[in-house]
2 protein chains.
Amino acid sequence: MARDTAPRLLRQFKPSPDIAASDGKVGNLILRSLPRKESSLLFPEMEFVRLMLHQVLHEPGEVIRSGYFLNSGLGSLLTTHPDGKTVEVGLTGNEGFIGLPVIFGFKTSALRVVTQGDGTAYRVEIGTLLRMLPRCPELERQLQRFSMLLGMQSTQLAACNRLHDVTERLARWLLMSHDRIGGTVLPLTQEFLAQMLGSRRASVTGAAGILQRAGAIEYSRGSVGIVNRAKLEESSCDCYVAIERQKKRWLVEAN
Amino acid sequence: MARDTAPRLLRQFKPSPDIAASDGKVGNLILRSLPRKESSLLFPEMEFVRLMLHQVLHEPGEVIRSGYFLNSGLGSLLTTHPDGKTVEVGLTGNEGFIGLPVIFGFKTSALRVVTQGDGTAYRVEIGTLLRMLPRCPELERQLQRFSMLLGMQSTQLAACNRLHDVTERLARWLLMSHDRIGGTVLPLTQEFLAQMLGSRRASVTGAAGILQRAGAIEYSRGSVGIVNRAKLEESSCDCYVAIERQKKRWLVEAN
DNA sequence: ATACATTTGTACGCCTGCGTACATTTATAT
DNA sequence: ATATAAATGTACGCAGGCGTACAAATGTAT
């Protein structure tokens, strides 16, 4: 099976605290939106951590010990299958939180969560978070709203997986990632993309070739450069804009 | 396009109240689990309604005016596309609630919600529900938990749509529906199923033929009989059990 | 009873993506 | 510098599903 070599990509690391790194800049949008009352309660309890490429934050079936507010980089939510196949069913960057099930009283993760691109996050132990929540109503509301947004996203991805071909989905994926990762060069192997898209690595090669010939991206061993976002949007299915549109609409409604 | 005739199936009806019908039996599991305190607040504000086949409860982009606690029958959550294609991205029966976005402060639906099979529900106006929620903490918790379960379901469907063929998905769909509809005969046309599965009607014909020859179902003009559930489970992909397993696990954890 | 609409069966050519395999290129370690 | 590992390009046959079309069967209305 083509996926036999794949799992090596997804190594398990322990995020390590970085004492000197918390240089005052909070990238996470949920944290930034909190009233001073709540953030002053919260921040002393959190740990600033550096996340590396392909770190596994949560594993399906395992107890969720920490939650993560991403400042930069992104996290992919994946379903896993016995034969090693994976499919990305959700994606979040600094707009969200990783560890949602605990907010609703559940203890284990249903999905694998993998980081993509180096980044930083505020990590919080679940016990601590649950103790804080009753005193942080705005945080709770934000987390709940985000869970709905993420749910909407995955319904759109469900449809996307059904209706659109590899090239369209690859373009959509690159757009979503580009939005969440600073810079125009994304560190990506085709094997990794295949795991995100739930396709063969060889199919990704083909799709990447099409996007490259269209002048949208530039591919070279382990990194993708976005050279023309407009063309990338042309090559993508509507799912990208559908998600963005709905997100905006709801965020307006909620105020 | 093959779907040109399809929308006729999804007629818009207004659910009509049925005064004499509320014969004391509450089928909805969320409502049944509520403490007397909350249900006595809630029930006077709700209306018992009869739902007919293929009623459209919510339409994407439209303001959600009423929420529904299903007692029987089921509701399908569908993404819609400009060309008329639809894909089911969620499914709920008497275990859930229809109208989740409003719980989190959003006003419009992102999805089309269609009933399948005759059934009944308790309908509540959104304004009323939102006024009740602060006084019904258990209801709020239940609704939030259900939204997470539904989210998990749609992530599984996202993967399912990517990895499994029509026959497996049809079998999965029938199992999920069978769980939620009383009786072994489901009123279904192949055209309707095609809209659920996001496939051609002709593909459904083929898949239904396979399941029929396997002795799992019996198909005849507009209705499917489940004649052998075990065989149906054999023909289905793991997604059915994956969803059920995770649901059970989480429900245990949450107590 | 007859006409009409709906539902189902079936067929055709086509294209995408799968599983698999192997060669080639590029980076990394010794 | 050389060996090893990782990443990419490419090829092959094959299966599933698509779009489309039309005929047959089965309800429903007049």
Side-chain angles (χ1 to χ4, degrees), chain A residues 1-11 53-54 81 83-87 160-171 186-213 217-225 235 237, chain B residues 1-11 53-54 81 83-87 160-171 186-213 217-225 235 237:
Chain A
M1 162 143 319
R3 302 282 168 64
D4 278 10
T5 57
R8 250 171 270 158
L9 285 171
L10 309 176
R11 297 171 280 256
L53 198 58
H54 298 164
H81 290 80
D83 55 3
K85 289 182 189 173
T86 62
V87 183
C160 188
N161 281 339
R162 186 68 206 81
L163 300 175
H164 303 133
D165 64 28
V166 199
T167 308
E168 294 174 302
R169 292 190 342 258
L170 174 57
L186 315 182
L188 297 168
T189 64
Q190 296 184 349
E191 175 60 40
F192 181 83
L193 285 169
Q195 291 188 32
M196 297 300 117
L197 302 176
S199 302
R200 289 180 315 146
R201 200 264 311 157
S203 299
V204 173
T205 306
I210 292 175
L211 294 181
Q212 190 156 20
R213 281 189 292 279
I217 67 172
E218 228 172 44
Y219 212 113
S220 77
R221 195 185 169 80
S223 72
V224 176
S235 306
C237 48
Chain B
M1 160 142 322
R3 303 279 168 61
D4 277 12
T5 57
R8 249 171 271 157
L9 285 172
L10 308 176
R11 298 171 280 256
L53 198 59
H54 299 162
H81 289 81
D83 55 2
K85 288 182 188 172
T86 62
V87 183
C160 188
N161 280 339
R162 186 68 205 80
L163 299 174
H164 304 132
D165 64 27
V166 198
T167 309
E168 294 173 303
R169 297 196 330 265
L170 174 57
L186 315 182
L188 297 167
T189 65
Q190 297 184 349
E191 176 60 40
F192 181 84
L193 285 170
Q195 291 188 32
M196 298 300 116
L197 302 176
S199 302
R200 289 180 315 148
R201 200 266 310 157
S203 299
V204 173
T205 307
I210 291 174
L211 295 181
Q212 189 156 21
R213 281 189 293 279
I217 66 172
E218 228 172 46
Y219 212 112
S220 78
R221 196 185 170 77
S223 71
V224 177
S235 306
C237 48

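Being a predicted model, the structure only gives us computed values, none of them experimental.
Of all nucleotides listed (C:dG19, C:dT8, C:dG17), C:dG17 comes nearest to the side chain of A:D165. Closest approach to the A:Y219 side chain among C:dG17, D:dT8, C:dG19 is made by D:dT8 (side chain taken as heavy atoms from C-beta onward). Considering only side-chain atoms of B:Q190, the nucleotide from C:dG17, D:dG17, C:dG9 that sits closest is C:dG9.
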Review item, nucleotides 22-25 of chain D N/O atoms under 3.5 Å of protein N/O:
none

With 3.5 Å as the limit, what N/O pairs link the protein to nucleotides 28-30 of chain C?
none

All N/O contacts under 3.5 Å from nucleotides 1-4 of chain C to the protein, with atom names and distances to one decimal?
none

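Residues satisfying the side-chain contact (heavy atoms from CB on, under 4.5 Å) test with B:L188, not counting sequence neighbours, are B:Q116, B:W173, B:L174, B:L186, B:F192, B:L193, B:V224. Remark: A:T167 pairs with no residue by the side chain to side chain donor-acceptor pair (under 3.5 Å) rule, at least two apart or across chains.
Heavy atoms of other residues, nucleotides or ligands lying less than 6.0 angstrom from CD of A:E218 number 12 at most.
With values rounded to the nearest 0.5 angstrom, B:Q195 atom CD is found 13.0 Å from B:Q190 atom CD.
Contacts of A:T205 with the nucleic acid, taken as non-hydrogen atoms under 4.0 Å apart, include base atoms. Counting non-hydrogen atoms under 4.0 angstrom, B:A202 reaches a base of the nucleic acid. Across all strands, A:R169 comes closer than 4.0 Å to no nucleic acid atom at all (heavy-atom distances).
No donor-acceptor contact under 3.5 angstrom links the side chains of A:R200 and A:T205, judged on distance only.
For the helix from C:dA1-D:dT30 to C:dT30-D:dA1, the axis fitted to the five pairs at one end and the axis fitted to the five pairs at the other end meet at an angle of 40° (nearest 10 degrees).
The interatomic distance linking B:L197 (CG) with D:dG16 (P) rounds to 17 Å, in whole Å.
Of the two residues near DNA chain D, A:G222 and A:R162, the one whose nearest nucleotide lies more 5' is A:G222.
Of all heavy-atom pairs between A:L197 and A:R169, the closest is O-NH2, 3.0 Å.
Residue-to-nucleotide contacts include no donor-acceptor pair under 3.5 Å from the side chain of B:R200 to the base of D:dG17.
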